[in-house]
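Below: one structure, written as structure tokens.
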Amino acid sequence: MTTKLFGERVPRVEDARLVTGNGRFLDDLGHDALEAAFVRSPHAHARILDIDVSDALDVDGLVAIYTYEDLDGRAGEHLPLLIPHPTLTHGRTQHALAAEEVNHVGEAIAMVVATSRYVAEDAAARIRVEYDFLPAVIGVEAAREAADLVHEDVPGNVAAHMVQQTGDADAAIDAAAHVLELDLEIERSASMPLEGKGVLARWDADDESLLVHTSTQTSTSVRQAIAAKLGLPVDRVEVVTPDVGGGFGVKIVHPWPEELLVPWAAIRLGRPVKWTEDRREHFVSSAHERGQLHHVRVGYDDDGVLAGLSVRFWHDNGAYIPYGLIVPIITSTQLLGPYKPGVYRVEFDSLYTNTVIVTPYRGAGRPQGCFVMERVMDAIAAERGLDRTVVRRRNFIAPDEMPYDQGLVFQDGRPLVYDSGDFPASLDKLKELVGWDDFTAYRDRARAQGRTVGIGLACYVEGTGVGPYEGGHLRVETDGTVVVSTGLTSQGQGHQTMLAQIVADELGVPFERVRVTTGDTRRFKYAVGTFASRTAVMSGSAVALTARRVREKALAIAAQALEVDATDLEVVDGHVQVKGSPSSQIDLGAVAVLSNPLRYAFDEAAARATQFAAPADPDRPPIEAGERPGLEGTEYYSPPRSTFANGMHAVVVETDADTAEIKVLRYCVVHDCGTLINPMIVEGQIHGGVAQGVGGALYERMEYAPDGQLLNASFMDFLMPYATEVPEIEIDHLVTPSPLNPLGVKGAGEAGVIPGAAAIASAIEDAEGITITRMPISPSELFELRRARKDSA
Amino acid sequence: MKPAAFAYHRPRSLAEALDVLAELGADGKVLAGGQSLVPLMSMRLSSPAALVDVNHVPGLDTVEVDQDTVRVGALARHTRVEHDEAAYAAAPLLRQALQLVAHPTIRNRGTSVGSLVHADPASELPAVLCLLDGHVTLRTADGSRDVAAEHFFRGPMECDLRPGELAVSATFRRPAAGSRTAFVEVARRHGDYAICGVGAVVSPDGAARVALVGVGDGPALVRLTDAEDTGRTRSLVDAAIEPEADIHASADYRRHLAHVLVRRCLDEARAA
Amino acid sequence: MSDVLVEVSFSVNGAPYDLEVPARRLLSDVLRHDLLLTGTHVGCEHGVCGACTVLLDGAPVRACLIFAVSLDGSAITTTEGCRAPDGGMGPVQRAFHECHALQCGFCTPGFVTTVTDYLRHHPAPSREEAREAIAGNLCRCTGYQNIVAAVQRAAELVEGERP
């Protein structure tokens, strides 16, 4: 008897290969390939005067050196601006290899192909580039001031200026009983997966086709981009995602220069070419995120209820803007969290700087927005002398106000409408979990021991499962195996397991018979990609719909074969059987045989379906109009808009009175992602997100020098937390199913990271009595804040 | 990040190693643990023309304890020294400091003598060498010399090692019977280089010596005849250190930590 | 200068190898690309992330910080060498699977070898000890909680396999 798997902690099918060292990550492939390395700009802003490769030419093992001049056809064009927007009036993207100007340390200038990476780096080291230095624009303030420009034809360094508002916020604020102004800052960090990027390309000259493996979050889009830029028919290009060692957003950008250049070189050279990004390259030539400066005005009444909120912010988008305005748009809209803001106005400038590009990193602008809103809530609570949970509760959208239209346009171009959520219930659970009401007593006991502790919280809302769509394909093979594919990709989220659970339940087959493929354009061609916490919602729903469709077909065929009504049948353990009379059954594999009327039998099972063997109505065609051979189906899921998950985190910190070290003593999470498909996987996602949140709050920051050098371009100095820096995480779930998809699920991938900086800032402020307006914070910075307070006292 | 090519030498005896080093002169660099050297080479920040790999030279991995000293051979890995019970009994400060060096995996390959030669101002062992009146023995094909701790560390990443020389051992003097020691540090993450670290030897008569790391060009040794006088301790420590700012900490914070950690280290040593 | 090949002999997971490789070739690259043992992964090439951790004569070391030619006469164990005799999951690997202690799997080989050695010396770690034991390896996916649990679960499975 098949046990229901949906909602169960099913161990992962991915593990067998990954944990034994049998994974196939990009660099594990293509041992016969030539290898590429790049000459990258050591300067933040410069004009290229000359590239002299002469000293590199006699390096033993060198195969080719390419610069911009060599890029023919569309390969020499600017990289695409992936997400245009009417307000993105000054979008600029780079060339795959720099043409005349470099705009950040790390920008690719020349590609070297050689027999090994060692040799390629030898040759690259001998290439001499002559530069004319230009002033580097580093940091939001410098960009805003615009004493110097990143791009000469972009006035004020402003890529875009956007305003969204629901009314006259300034008037509402001015009319309010109380007004506060805050200046807040979040600094740059990055996704930083343990595996960097990588591309392997093989050109088959006989077949005139290109096979590309790339460590990406969107193989279908990379395929389109490569076909377009290399002038190849789309159906002659296939892109396969291998095992991917983490993405966290950085691998959604495409096409990276290398994703075009490596295939381009493979075609020219007639040999496979591989590029594996090293860690330093990843620091200076992939993407960062999080850097923003905010100025906030808020008006509220005596009870702390918001009357109006006006947010003005400046977003650092780096040297180019291929991914458009997604991050600041998400900040603008998701800043509102679970609250009714009164009248809301948000205005931002997206600014160029001579630094690495900024594209989504888990949370994608929400951590910044959450930080702003939650600091506002804490500030109001402090000013009013109210408990911080009381102020929040008073501003919550109530469950019976769902669906709630915030009156803004979201990152998917659709109205920002919250479909579900019970914020008061989530808050109750959180207070219970962390012991909010007992904290004063706890703090007093700690103080008696000479210890300084504080508690903080932060709430957020996350629009997940953005469209436009995802699809699923399912085929039952004649041996009973169920082959499933979806076009989006996996980077460790357990998609193969999660989707197999759905199929096993919906179709009625043993879990072990289901094999899922993701991210392979040979198997599924229409997809968007993995980002924005959308897989369970989008591919999960699509796969569920597909399984239901195939089940229907199986019942129809089996009904004919068993000579019963389809409504009398059920599918259990991979058999179609008569309800209440299980001995009358037919295996799904046999149904698959029957679904494909044959002229030729290639084995004994197939003989059952040949034209003389099966009983057939001689007046009906073997395949009815509108039907297809095979027990398979393809379905798509395309929702009208995102579905809204939410969560709340509470943190207890201890600060050292002498060393100013900050320790997280407790980290509590209440999380609502609708129905849970695999709670084990969801919790794993939360743990990972929380670790990144702690990292972003206390350790991680990209340190750019004024001249544009990235000072901490290594794991020695870019401080990602080890196990000793991440606390134990306590989780409680609330389930408000999504009304927008057949499974009732919401996305869970990013949740853990969103409120980290906000909750920790809140707790430190509670412990120290010092206002925290900027994150991350280090012990040295806390020391300086303490000193400043002492000096001003 | 792959290193540039180099000429490779794999001597099978100390004599052979010294001969090769003599021949290579300034072109030759010793490869022992490699935990500091190899990443520098991979990043191409250091590209020595030749490496003399001493990992196959027998007899260099000893830890010898006699009634006055603990002598650590060139190839004694940190882990070996850390876990040597005789060394711990003779000079507990070694283990106390070594437990703070990076992570166990790095300690399994890195050598204590190598760490001394590397002379990173944030590293722990140079401080231990100073506190325990130690010296480094340097050999060439022609002879040998001992350099005392106070003369060995010349500046950040710089020590008194001449071309053609191999540091064959480091000798630490056992502190006086009844001495108590401790080593404390503050780092950003577990295993990171210290923002500030302090080692202390408290003598039976109450006098103390402390050595601070991460707050100057090398270990700063301070003698506290009366460690109880906190005011005097503060001024002595202040005079001995020259902390600098970097991306992890301001100079003032480092200075502040120096005072906090001197006090904590002395307290911990006394409680030992 | 171009690469002169140097002879070196060592065993990997019990199998002997006589190789001729450039002196500058890192152990991580020899394992992965010359011996095709791609289980060991490279995350940083400066010794910090730990994904390349292998056992050298039983003790964990960073394969990215060692030139292969330095290991003449040594015995190396990789994550492949931590499998069960039939090629399936060994006890530490099984513990990681049971505890959902891996997501993308890229850092996992370094943890498996580290934990394998750790449990030989500390067969029954407490939760704090388990966390300390893995404090030299980076993971970006799991937040470490399940890895800590896996260390303790592995201790049970290893104990269970003891004859």
Side-chain angles (χ1 to χ4, degrees), chain B residues 1-12 27 30-58 61 75 77-80 82-83 99-111 114 187 189-193, chain C residues 1-10 21-29 42-74 110-111 113-115 117-118 121-122 131-138 144:
Chain B
M1 288 166 9
K2 310 295 183 189
F6 49 84
Y8 175 75
H9 302 270
R10 187 197 282 154
R12 296 278 184 182
D27 278 351
V30 171
L31 172 67
Q35 303 299 278
S36 302
L37 178 62
V38 176
L40 289 175
M41 290 179 66
S42 290
M43 295 186 207
R44 301 205 181 202
L45 294 170
S46 167
S47 295
L51 284 191
V52 180
D53 180 354
V54 296
N55 283 289
H56 306 89
V57 174
D61 63 347
L75 274 182
R77 313 284 173 187
H78 291 306
T79 300
R80 166 117 172 67
E82 181 191 346
H83 289 126
Q99 282 171 342
L100 299 168
V101 171
H103 296 115
T105 302
I106 301 291
R107 301 204 287 272
N108 286 339
R109 188 70 182 167
T111 62
R189 296 172 303 181
H190 184 275
D192 280 346
Y193 276 111
Chain C
M1 82 184 66
S2 51
D3 285 305
V4 173
L5 300 182
V6 176
E7 286 178 1
V8 63
S9 298
F10 48 69
V21 295
R24 62 169 166 165
R25 201 154 170 79
L26 300 166
L27 176 63
S28 41
D29 289 326
V42 174
C44 73
E45 276 178 330
H46 40 274
V48 179
C49 78
C52 70
T53 306
V54 298
L55 302 180
L56 174 61
D57 299 324
V61 295
R62 306 287 201 229
C64 74
L65 292 188
I66 302 181
F67 299 117
V69 295
S70 283
L71 298 179
D72 199 47
S74 300
F111 280 99
T113 51
T114 302
V115 171
D117 169 69
Y118 178 77
H121 303 296
H122 305 90
R131 189 173 285 272
E132 179 84 22
I134 56 156
N137 291 57
L138 284 174
Y144 303 105

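In what follows, every chain begins at residue 1, and chains take the letters A, B, ... in the order their sequences are listed.
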What donor-acceptor contacts under 3.5 angstrom involve side-chain atoms of residues 62-69 of chain C, with partners at least two apart or in another chain?
| from | atom 1 | to | atom 2 | distance (Å) |
| --- | --- | --- | --- | --- |
| C:R62 | NE | C:G47 | O | 2.8 |
| C:R62 | NH1 | C:T53 | OG1 | 3.1 |
| C:R62 | NH2 | C:G136 | O | 2.7 |

Listed partners of B:A102 passing side-chain contact (heavy atoms from CB on, under 4.5 Å), at least two apart: B:I106
Donor-acceptor under 3.5 Å (C:R24 side chain, B:P3 main chain): yes
Donor-acceptor under 3.5 Å (B:N108 side chain, C:P60 main chain): yes
Nearest non-hydrogen partners of B:R189 and C:V48, listed with the distance: NH2-CG1, 4.3 Å
As an exercise, state the distance from [atom1] of [X] to [atom2] of [Y], rounded to the nearest 0.5 Å.
X      : Y      : atom1 : atom2 : value
C:D3   : B:F6   : CG    : CZ    : 9.0 Å
C:D72  : B:N55  : CG    : CG    : 11.0 Å
C:E7   : B:R10  : CD    : CZ    : 8.5 Å
B:H190 : C:I134 : NE2   : CD1   : 10.5 Å

Side chain, backbone, both or neither of B:L31 within contact of chain C (heavy atoms, under 4.5 Å): side chain
Contacting moiety of B:L51, where chain C heavy atoms sit under 4.5 Å: side chain
Can you tell me which portion of [X] sits under 4.5 Å from chain B's heavy atoms? Options are side chain, backbone, both or neither.
X     : value
C:L71 : both
C:D29 : side chain
C:V61 : both
C:V54 : neither

Heavy-atom side-chain contact between B:M43 and C:E45 under 4.5 Å: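 In short, these two side chains do not touch, never coming nearer than 4.5 Å.
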